[in-house]
Protein chains: 4
Amino acid sequence: MKNEKINRRIQIIEDAIQVIVEVGYTNASIGNIAKRAGVSKGVVTYHFSNKEELMRAVVEHSYAMAIPFMEKFMNESDSAQALLRAYIESNLRFIFEHQKYVRAIIEVVSNARTDDGELLYKEEDESIYEPLIEIFKLGQEVEGSFRDFCPIIMAKTVRSVIDSMGTKVVNNDIADMEKTISEIVDTFDFATRKNS
Amino acid sequence: MKNEKINRRIQIIEDAIQVIVEVGYTNASIGNIAKRAGVSKGVVTYHFSNKEELMRAVVEHSYAMAIPFMEKFMNESDSAQALLRAYIESNLRFIFEHQKYVRAIIEVVSNARTDDGELLYKEEDESIYEPLIEIFKLGQEVEGSFRDFCPIIMAKTVRSVIDSMGTKVVNNDIADMEKTISEIVDTFDFATRKNS
Amino acid sequence: MKNEKINRRIQIIEDAIQVIVEVGYTNASIGNIAKRAGVSKGVVTYHFSNKEELMRAVVEHSYAMAIPFMEKFMNESDSAQALLRAYIESNLRFIFEHQKYVRAIIEVVSNARTDDGELLYKEEDESIYEPLIEIFKLGQEVEGSFRDFCPIIMAKTVRSVIDSMGTKVVNNDIADMEKTISEIVDTFDFATRKNS
Amino acid sequence: MKNEKINRRIQIIEDAIQVIVEVGYTNASIGNIAKRAGVSKGVVTYHFSNKEELMRAVVEHSYAMAIPFMEKFMNESDSAQALLRAYIESNLRFIFEHQKYVRAIIEVVSNARTDDGELLYKEEDESIYEPLIEIFKLGQEVEGSFRDFCPIIMAKTVRSVIDSMGTKVVNNDIADMEKTISEIVDTFDFATRKNS
DNA sequence: TATGAATGAGCCTTCATTCAT
DNA sequence: CATGAATGAAGGCTCATTCAT
């Protein structure tokens, strides 16, 4: 019983994500989402008192899917260089394999606004840069294997590339994906390491 | 008379851009734009028979502002390395100083859709990668100063970083801007050049 | 058990009255009332099969509280003049001390409608004028202490003043209340008695 | 042209009043009002940006009709006693002959609320008591023809009776109306004058 | 007896578009 | 050229009611 309830919530969230990806945040009306879920409009507003609440749930749900995926790769590594390569690879891999969630997050975060027009997710969550910054400091200060660059700006640069891939790659050619991953990993390897 | 008409058109486009940036594409209704322009709603639909047409004009106008700005820097340079540095710097500088246009383009391109939900600007214009690709080929094939990487993927990587800066930087601290430009320029310098 | 059921009913009615007074009849939804009562919406519809039924219960409950209060004062008096003064005073005192119930009645009676828009309590209950009319007839026909006026119109006049006080007086200043009571009592004393 | 625009506004207001009187404030939806006016729903929201704005217009319009009517009677009189009689008679006559407007005002004023449940017209406009208070002071302090009573409370008492007549009298029997007017006028004549 | 789930209608509002002037 | 008027669709939301458990 309780299980069913939870599933219904999640079912709606998943349907919402699907609709958002297909027709965009703006056209992802509660009516459209309900139709996709095969339920009446009231069901959606019953489980989520607001459209805002539903969209927050969409973002949370999508984020929650990424975290374990990313950690898996990071625990197996050692050096700063290896950590950075693993971070980029695991993130890109997640994005390529879960484009749906990534796009949904982007759609919601960049479009959801309050009544007076302010972006709902205006304050960028700086904490997402923390893991990268730690890796950079490890390479610069502890190992001395990284050249001297600003960790914050480099973190933003890396994330820019990762995040943009969610919308850039459309064809799911597996070869393309592996090639792209290895190229980007190499790119930031060269970009960060200290030349002997 | 004709001059007035053109000015009126451009005025509306500029006001539209302002509104789009402030409240987002979705809330940038014709009514809002007309109010901002200080004219009646009819004037807008008179100059632009469609909302779609107005939005296309917004994108064209914004793009048109970028092109001369970019070329100015590129003509003064020589080597592939210098060209790349100039390309990145001029693009970033334009973006930082014309965030309004960049954001407007992003808003419109990523949100404008047809009635059945398809993105209006779905087909990514691959031609924007051409200048970068040419620079990369010059460095790899002619000069031999660049290492061996995929020019297309590298071009997408570079543009990802440039484009994302339009939304990432909020404070207009001039020092921050210069720092960011030099860091990113250096990053891709190291990322592309062949180590001796 | 039965006791509990009754208490639960009355608890809901009291909460409904509170909600009605605070946000008005229209906004006194079953959901709001249930929330105030700290129970699920289903409990309300379980005890009252209808919103209409609940509202009727509200009116009955509120009326029921007034009757004993009014009689207490009336039994101790004698002459028509004294009866009228006691009637007005006791009614005003009840209203001032139980504004909640009075306002709830007014809200429901003046707003509850059938599906086709007809007032539910359309037919004014003429019986509420009876006690006053009897007092007037006593003063006019038996005692000869009252001047010649239409008992029905005077009864409506008196009740108008009494009923309106439920919404007019907002500050609960005790001095104000006593002053108001004595002034109104005097007013109708002068208005009804035969001048020598 | 301008004339037509004004008429359309007033036409909607009048239709709104009619609908409010017939089905009550709550059921007087913009849709219902538009249907009654024989126009599309959008026309109403075009002329009145809000339901609140429309309702304010209803109240203003209704009030505006009362003022000239009341003044006509008051200018012809002299003594405090005559002024009071004229005030009550003219007000009652207006109410009986324009019940529609009076009821509309009552419906709106006692039901229109803000989003958080507060009455829109919460602050009672004390200025409506001013004319009566002036009459009373004239009779008490200047002429000495009125007995000693609280002018404010008496003013509220008189207005209670007048206002309540808007909802109390349903049959338009002309004889009833005249009888009621004369009885109420007499009542407050006796209630205020000083007995010799 | 009690509850959460679901429904469908209705409301206010926003909006792109059309049209007569 | 420009405008105000009007339309109709769609959106988010509230709500009384029904129903299975």
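Chain letters run A, B, ... following the sequence lines, proteins first, then strands; residues in each count from 1. Treat the numbers as computed from the prediction; the structure is a model and nothing was measured.
You'll find that the side chain of D/Tyr46 is closest to F/dG4, out of F/dA2, E/dC12, F/dG4. When distances run from any side-chain atom of D/Val43 to the nucleotides E/dC11, F/dT7, E/dT7, the shortest one goes to F/dT7.
Shortest non-hydrogen contact noted between B/Ala16 and B/Leu54 is CB-CD1, 4.3 Å. Shown here for C/Ala28 and C/Ile33, the closest heavy-atom pair between the two residues is O-CD1, 3.8 Å.
To the nearest 0.5 Å, the span separating CD1 on C/Ile105 from CE on C/Met55 amounts to 13.0 Å.
Interface remark: the C/Lys41 side chain does form a donor-acceptor pair with the F/dT17 base, using a distance-only criterion of under 3.5 Å.
Residue-to-nucleotide proximity on DNA chain F shows that, of B/Thr45 and C/Gly31, the 5′-proximal contact is made by B/Thr45. Comparing B/Asn27 and D/Ile30, the nucleotide of DNA chain E nearest to each residue sits closer to the 5' end for D/Ile30. Of the two residues near DNA chain E, A/Gly42 and B/Ala28, the one whose nearest nucleotide lies more 5' is A/Gly42.
Between D/Val58 and D/Glu107 the shortest side-chain heavy-atom distance does not fall below 4.5 Å. The closest side-chain heavy-atom distance from B/Arg8 to B/Gln11 is below 4.5 Å.
Among the candidates A/Arg36, A/Arg103, A/Lys100, the single residue satisfying the salt bridge (charged side-chain N to carboxylate O under 4.0 Å, His left out) test with A/Glu22 is A/Arg36.
Side-chain N/O atoms of B/His47 include one lying less than 4.0 angstrom from OP1 or OP2 on F/dA2.
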A correct dot-bracket answer for DNA chain E, with pairs being Watson-Crick or G-U at under 3.5 Å, [ ] for crossing pairs and | for inter-strand pairs, is .||||||||||||||||||||
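Here A/Ser29 lies in heavy-atom contact (under 4.0 Å) with sugar-phosphate atoms only.
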